[in-house]
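One structure below.
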Amino acid sequence: MKKLIISLSILSGIIAFGQATVKNDSAKVHNIQEVLMTKKVFKKESDRFVYDISNAPVAKGSTTFDILKQTPLISTTDESTLKIAGKNNAIIYIDGKKSNMDAQSLAQFLKNTPAENIQKIEVITMPGSEFQVEASDGIINIVMKKKMTNGLNGNIRMASSANIYSSNSSSFSANYRKDKLGISANLTGSENIQPQSYVLRNGNSKATNESVGDIIDPNKNLGGYLNIDYQLTEKSNMALSWNTWANKSYNSTVNLFNTIRTLKEGNVWETKYSRSKNKEDARSYNNSVNLNYELKTDSLGSKLNLNAAYLNFKRFQSTDNNTYESTADGIDLYRSRYVSQSLPQIINNFSGMADYIQKFKNDLTVSVGGNYNKTKTDNDTQSVTSIFNADGSLAEVYNAEGIKIDNPLSTPNHFLYDENIYGLYITVEKKFSDKFSGKIGTRYEVTKSTGTSDNAQDVNLRNIERNYSNILPYLSLNYAINEKNNISYAFSSRMRRPSFWEINPVKNILTENNYVQNNPFVKASSSYNQELTYMFKNSYFLILNHSLEKDIITQVPLQGIPVHADGSVGTQNQLRYIRTNFGDKQEMSAMFGIQKSFFKQAWTTNFNIGVQHNKNNGSLSVDPTTGDIFPLYTNNISSTSFVVQTNNNIRLDQKKTWFAGVNFFYVDKQQIELGMLKNLSSLDLSLKKIWNDWTFTVNVNDILKTNIVEVEDYQANGNYNYVQNNMYRQSVGASIVYSFGNQKVKKVRNIESASDEIKSRTK
């Protein structure tokens, strides 16, 4: 159920354009006692944008998620997923080490981690060959403050918010430094209930389905990290890091009222009513350990990095899916269908990575490295379907050919997936002058994978092999025309492998005739990205972006009465959201941004305006998991959409203790793979009070109640599909943060993890 929720709710984050905040560069002298000193807080480096927030009052009492939302080029439309302008996804790094949490756990973690210890945020829109990222992913690297003395410091945070239900969270983080030893730790816990309401309509001239109702998903989360770094010698360090996260979601429920209309002989419409009542219990555990060794080989900064990592992900999920025959006014009569599912998934990954960076005196840097990832997943799915008569007895059930079949019907599938990835890269970076620099590189990857099932009813699922190799080039050029003007260009080629849950061949059932089907036959997609950036005074920027994705991995809605692979015809109109490769997609975008501070930095504002053009080219009529044939679904529609976004931080007093925040975004309607996504917008307000080591914040989100997802699609063959998803973004919240200890504690160094490429695929 949760994967279904994620699949549909992620529509609210399809498009996102950046946002920018910067302080005035000029220094004004009013008298001998008052000198305003400023520095560049947002600047463009060779392959990244750097946002320095080390002294920004907006960080005081804020969470890491709050700061990321106000970082130039980063935005969110669903308060869960972060987007980089022109990018589909933002991959989070902390001190050069990639996060290993699944998407929901990461969002909760960022929302409960204080931001006071952040030095800067690096936004890498086009990652170089040395990074292991998927497709058009960008990178957000959160760099922690490097403080100077021994000691202990930390933060305690408590927060609560409410929409229909209340959510509560708390976190504790601490940093300790003693000579050569550095230790950092965090413990985070939260409890929330995620409500959603759905309106689902689909059909054609001969049959229609409508489902209306609610999904209630309670969650309890507990997690954190422990990093230990020890300086062995002046040139070498050893580090051990452990990250953990646990989620418990028991008694997650679906309650949808279904209206099914079918055109019978004589042009008479027959209407039936039913109710889908589903219950899910799920818990997941995510643990990773990384061992790192770093050796500095010269005084110029050359170094060797060695990493070994182990990642273990476990998810245990059981669902009870009930269908009740009902009356028109919603009174349940009897249970007609029951599906019991057990959907466990266990992922084990062993990873190794070696990098060597050689720096030369003539501003030349050469980086070479390699990685190896071995992943095994175990998916022992059990599914039992029972059909009942009105008196509660088991009914006699026949297939489309009139042959009697078992009732209850058991369809187990023990699917094992084994994947090996080998990667090599080389990158050359050269600073030709104070104005001009460039970077060129390539990555070579070999992927060998095998999926097997020892008891699948479909023989095609019993052995699936995927072996392929890719050469992925990269180029970036940066030219500082003068102190005020900078222009840069980057090209990147990437691939995207399917997530491990996407290739696990299970159904996530919403109603009897509406479900999401994962697909073990999904193959990797390719992505080609170009970006041209112009910056003026580090306050104005123009970004032009083009991306081409081939064999894009997405959900495709197949609907109608299926024709089975053996030629027999099904008996019910169905809607299947199939996870598969679906043609090509192009995105072209232009974004202009202004970021400025006024009135001695009392008002800091960023304003972005942009336009995006999408071109889709895909078609599908055959369910790749079963061979069933449906009416052709096509998406060859282009769309142009308009975006505006602004974030404002206002200082309300001279002592810098009161602050107000006013944030707004508007995303115009646009064509996506599932149809036309209607416009989205949100107005958010906040008020902050800083008192000594305490920070108090209240906020109101989506005041106008306009952040509701609607997708509508009409096909030439007469099929239509409509989805409305309200996740109740309108909410009121408050938080209290207390900072303690020596605020000059520093972390020893930044560390990358060996399992970076694998972690995002558990999401």
Side-chain angles (χ1 to χ4, degrees), residues 4 8 198-213 254-278 321-330 332-337 339 385 387 395 397-402 507-517 555-578 619-623 625-635 673-676 710-725:
L4 175 63
L8 295 178
Y198 275 98
V199 177
L200 307 171
R201 300 190 188 104
N202 68 88
N204 48 45
S205 60
K206 296 182 178 180
T208 65
N209 295 338
E210 180 184 73
S211 300
V212 180
V254 173
N255 191 333
L256 296 175
F257 183 71
N258 311 305
T259 302
I260 303 100
R261 300 178 70 240
T262 306
L263 185 62
K264 299 295 185 179
E265 294 183 3
N267 291 325
V268 177
W269 284 93
E270 178 185 80
T271 304
K272 293 183 178 181
Y273 304 96
S274 66
R275 186 180 301 277
S276 298
K277 288 185 176 181
N278 305 338
N321 306 280
N322 296 278
T323 301
Y324 291 86
E325 299 300 316
S326 301
T327 63
D329 54 3
D332 296 341
L333 300 176
Y334 67 93
R335 184 172 67 168
S336 59
R337 184 173 180 265
V339 181
T385 302
I387 308 298
V397 180
Y398 300 86
N399 63 17
E401 296 79 38
K507 294 180 182 179
N508 292 282
I509 298 172
L510 189 59
T511 71
E512 180 179 2
N513 301 313
N514 191 329
Y515 60 86
V516 175
Q517 174 69 60
Q555 281 183 180
V556 179
L558 292 181
Q559 62 174 305
I561 297 177
V563 178
H564 301 306
D566 59 6
S568 60
V569 180
T571 58
Q572 298 185 63
N573 189 66
Q574 294 188 350
L575 174 59
R576 304 179 187 177
Y577 288 97
I578 306 297
S619 62
L620 186 72
S621 62
V622 179
D623 184 337
T625 62
T626 63
D628 291 349
I629 301 174
F630 285 81
L632 181 67
Y633 176 82
T634 63
N635 188 344
E673 289 81 6
L674 292 178
M676 182 64 70
E710 287 186 86
V711 181
E712 195 167 35
D713 178 71
Y714 292 91
Q715 293 288 302
N717 58 22
N719 284 348
Y720 73 90
N721 186 25
Y722 173 82
V723 177
Q724 183 192 85
N725 177 211

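The shown structure was predicted, so the numbers you read here are calculated from the model rather than taken from an experiment. In this chain, residues are counted from 1 in sequence order.
- One N or O on the side chain of Asn321 and one on the backbone of Val339 form a donor-acceptor pair closer than 3.5 Å.
- Nearest heavy-atom pair across Gly560 and Pro631 is CA-CD, 4.4 Å.
- In this structure, Leu674 and Val723 have side chains that are not in contact, with every pair of non-hydrogen atoms separated by 4.5 Å or more.
- For the atom pair OG1 (Thr626) and CD (Gln517), the distance works out to 7.5 Å, reported to the nearest 0.5 Å.
- Here the closest heavy-atom approach between residue Glu325 and residue Ser336 is recorded as OE2-OG, 3.1 Å.
- Formation of a donor-acceptor pair under 3.5 Å by the Asp713 side chain with backbone atoms of Asn721 is not found in this model.
- A donor-acceptor distance shorter than 3.5 angstrom exists from the side chain of Asn278 to the backbone of Leu510, with no hydrogens or angles considered.
- Checking side-chain atoms of Arg275 against main-chain N and O of Gly330 turns up a donor-acceptor pair under 3.5 Å.
- Of all heavy-atom pairs spanning Pro562 and Phe630, the tightest one is CB-CZ, 3.5 Å.
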Exercise for the section: Given side-chain contact (heavy atoms from CB on, under 4.5 Å), test Ile260 with Ser274 step by step and report yes or no. Expected result: CA-CA 8 Å; Ile260 303 100; Ser274 66; 3.7 Å; yes
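- Considering OH of Tyr273 and CG of Asn258, their distance stands at 12.0 Å, rounded to 0.5 Å.
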Handout entry: Verdict with supporting geometry, Thr625 and Asp623, side-chain hydrogen bond (donor to acceptor under 3.5 Å, both in side chains)
Key = CA-CA 6 Å; Thr625 62; Asp623 184 337; 2.6 Å; yes
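- Taken from CZ in Arg576 to CG in Asn514, the straight-line distance is 11.5 Å, to the nearest 0.5 Å.
- Within the 4.5 Å cutoff, the side chain of Gln574 has heavy atoms near those of the Tyr515 side chain.
- Closest approach of Gly675 to Tyr633, counting heavy atoms only: N-OH, 4.0 Å.
- Note that the CD atom of Glu673 and the CG atom of Asn635 stand 7.0 Å from one another [nearest 0.5 Å].
- A donor-acceptor pair under 3.5 Å is absent between the side-chain atoms of Gln559 and the main chain of Asn573, judged by distance alone.
- Nearest heavy-atom pair across Leu558 and Ser621 is CD2-CA, 4.3 Å.
- Counting heavy atoms from C-beta outward, Ser619 and Leu632 have side chains that approach closer than 4.5 Å.
- Atoms OG1 and CZ, on Thr208 and Arg201 in that order, are 10.5 Å from each other to the nearest 0.5 Å.
- Note that the CG atom of Asn719 and the CG atom of Asn204 stand 5.0 Å from one another [nearest 0.5 Å].
- Without hydrogens or angle criteria, Glu512 side chain to Ser276 main chain gives no donor-acceptor distance under 3.5 Å.
- The backbone N or O of Glu210 lies less than 3.5 Å from no partner atom in the side chain of Thr259, so there is not a single donor-acceptor pair.
- Here the closest non-hydrogen pair linking Phe257 and Ser326 is CE1-CB, 3.9 Å.
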